[in-house]
Amino acid sequence: MPIEVLLVEDNPGDAQLTRIALEDSKISVHLNVVEDGVEAIEFLRKQEKYAQAAHPDIILLDLNLPRKDGREVLAEIKGDENLKRIPVVILTTSQAEEDILEAYNLSANCYITKPVDFDQFVKIVKSIENFWFAIVKLPPE
């Protein structure tokens, strides 16, 4: 069974870089991408066009999203009995201390600042993959 990853990312370039970084993974990974917070919640709750969506094993969540930002999405996930055990890794450009503090106060499992350099970005995604997919035991659905 592949690891189901939900990437919530409005920047197509960052989404593509994440996809590229995960393509040559030693672990089977199925990447689902949604572009905003509203879609993320619909995906997680299997609503609308996401009725057949797979339950993600982990969520990579950007903070600065259209329609519903990542903070709101994180609060909804961690406040929902059916979703709160899914690990949420914040993957964002923000280095603001208030964003870091708020994310952890909302029970984010990890906060990572996206590097702007391509090679560093790939290295970060590989680190996430290695830690969350190979070392950590993810909760069952």
Side-chain angles (χ1 to χ4, degrees), residues 1-96 98-141:
M1 295 288 294
I3 300 287
E4 291 288 339
V5 177
L6 175 60
L7 174 62
V8 187
E9 174 60 68
D10 64 319
N11 181 321
D14 286 351
Q16 184 62 20
L17 287 178
T18 304
R19 185 177 308 283
I20 290 167
L22 292 173
E23 276 179 354
D24 63 346
S25 174
K26 295 177 180 112
I27 301 160
S28 179
V29 176
H30 182 247
L31 183 64
N32 299 283
V33 181
V34 295
E35 296 179 353
D36 64 50
V38 171
E39 278 190 84
I41 296 301
E42 288 174 356
F43 184 98
L44 291 165
R45 294 196 172 134
K46 300 181 184 224
Q47 297 170 334
E48 307 294 327
K49 66 183 180 181
Y50 301 108
Q52 302 302 314
H55 183 81
D57 295 304
I58 188 168
I59 300 166
L60 305 179
L61 178 64
D62 189 14
L63 287 182
N64 302 311
L65 298 166
R67 298 202 300 162
K68 182 179 287 200
D69 78 13
R71 296 156 200 83
E72 294 172 286
V73 173
L74 179 59
E76 281 194 53
I77 291 168
K78 296 303 181 178
D80 185 313
E81 277 300 312
N82 297 316
L83 304 174
K84 70 181 184 180
R85 284 175 298 284
I86 304 170
V88 178
V89 174
I90 303 300
L91 186 58
T92 187
T93 56
S94 175
Q95 297 182 28
E98 60 269 15
D99 284 340
I100 297 167
L101 184 60
E102 184 177 10
Y104 282 116
N105 284 340
L106 291 170
S107 300
N109 296 87
C110 182
Y111 192 104
I112 299 171
T113 303
K114 290 183 214 173
V116 292
D117 175 76
F118 170 78
D119 291 332
Q120 287 299 318
F121 186 89
V122 170
K123 187 176 179 181
I124 291 290
V125 173
K126 291 289 185 192
S127 296
I128 292 169
E129 172 192 335
N130 184 50
F131 181 74
W132 286 101
F133 306 166
I135 296 172
V136 171
K137 295 292 182 206
L138 296 170
E141 185 179 339

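- Phe43 pairs in a side chain to side chain contact (heavy atoms under 4.5 Å, CB included) with only one of the listed residues (Val8, Val33, Val34), which is Val34.
- Screening Leu61, Ile59, Ile128 for a side chain to side chain contact (heavy atoms under 4.5 Å, CB included) with Leu91, the sole residue that qualifies is Ile128.
- In terms of heavy-atom proximity, Pro56 sits nearest to Leu6 at CB-CB, 3.9 Å.
- Using a 4.5 Å cut-off on side-chain heavy atoms (C-beta onward), Val89 and Pro87 make no contact.
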Pair Glu9-Thr18, side-chain contact (heavy atoms from CB on, under 4.5 Å): steps then yes or no: CA-CA 10 Å; Glu9 174 60 68; Thr18 304; over 6 Å; no
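- Taken from CG in Asn11 to CG in Leu17, the straight-line distance is 8.0 Å, to the nearest 0.5 Å.
- Smallest separation of non-hydrogen atoms from Cys110 and Trp132: CB-CZ2, 4.2 Å.
- The shortest heavy-atom contact between Ala21 and Glu129 is O-OE1, 4.1 Å.
- The 12-atom threshold is exceeded at NZ of Lys126, counting heavy atoms of other residues, nucleotides or ligands nearer than 6.0 Å.
- Looking at every heavy atom in both residues, Leu65 comes nearest to Gly37 through CD1-N, 4.0 Å.
- Note: Leu22 CG to Leu60 CG = 7.5 Å, rounded to the nearest 0.5 Å.
- Contact check on Lys49 versus Glu42 returns no salt bridge, with no Lys/Arg side-chain nitrogen under 4.0 Å from an Asp/Glu carboxylate oxygen.
- You'll find the side chain of Glu4 reaches within 4.5 Å of the side chain of Asn32, heavy atoms only.
- Residues Asp69 and Glu72 have side chains in contact (heavy-atom distance under 4.5 Å, counting atoms from C-beta outward).
- Between Tyr111 and Thr92, the closest side-chain pair of non-hydrogen atoms falls below 4.5 Å.
- Side-chain contact between Phe133 and Asp57 is absent, with no heavy atoms from C-beta onward closer than 4.5 Å.
- For the pair Arg45 and Asp80, the minimum side-chain heavy-atom distance is below 4.5 Å.
- Using a 4.5 Å cut-off on side-chain heavy atoms (C-beta onward), Asp36 and Asp10 make no contact.
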Could you check Leu44 against Ile86 for side-chain contact (heavy atoms from CB on, under 4.5 Å), going step by step and ending with a plain yes or no? CA-CA 10 Å; Leu44 291 165; Ile86 304 170; 4.2 Å; yes
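- Side-chain atoms of Lys84 never come within 3.5 Å of backbone atoms of Gly79 as a donor-acceptor pair (strictly under, hydrogens ignored).
- For the pair Asp99 and Arg71, the minimum side-chain heavy-atom distance is below 4.5 Å.
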Pair Glu102, Leu74 - check side-chain contact (heavy atoms from CB on, under 4.5 Å), show working. CA-CA 10 Å; Glu102 184 177 10; Leu74 179 59; over 6 Å; no
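- Here Thr113 contributes atom OG1 and Ile100 contributes atom CD1; the two are 5.5 Å apart, rounded to the nearest 0.5 Å.
- Going from atom CD1 of Ile41 over to atom CD of Glu48 covers 13.5 Å, rounded to the nearest 0.5 Å.
- Of the possible polar contacts, none joining the Lys78 side chain to the Ala108 backbone as a donor-acceptor pair under 3.5 Å is found.
- Heavy atoms only, all atoms of each residue included: Lys46 and Ala53 are closest at NZ-O, 2.8 Å.
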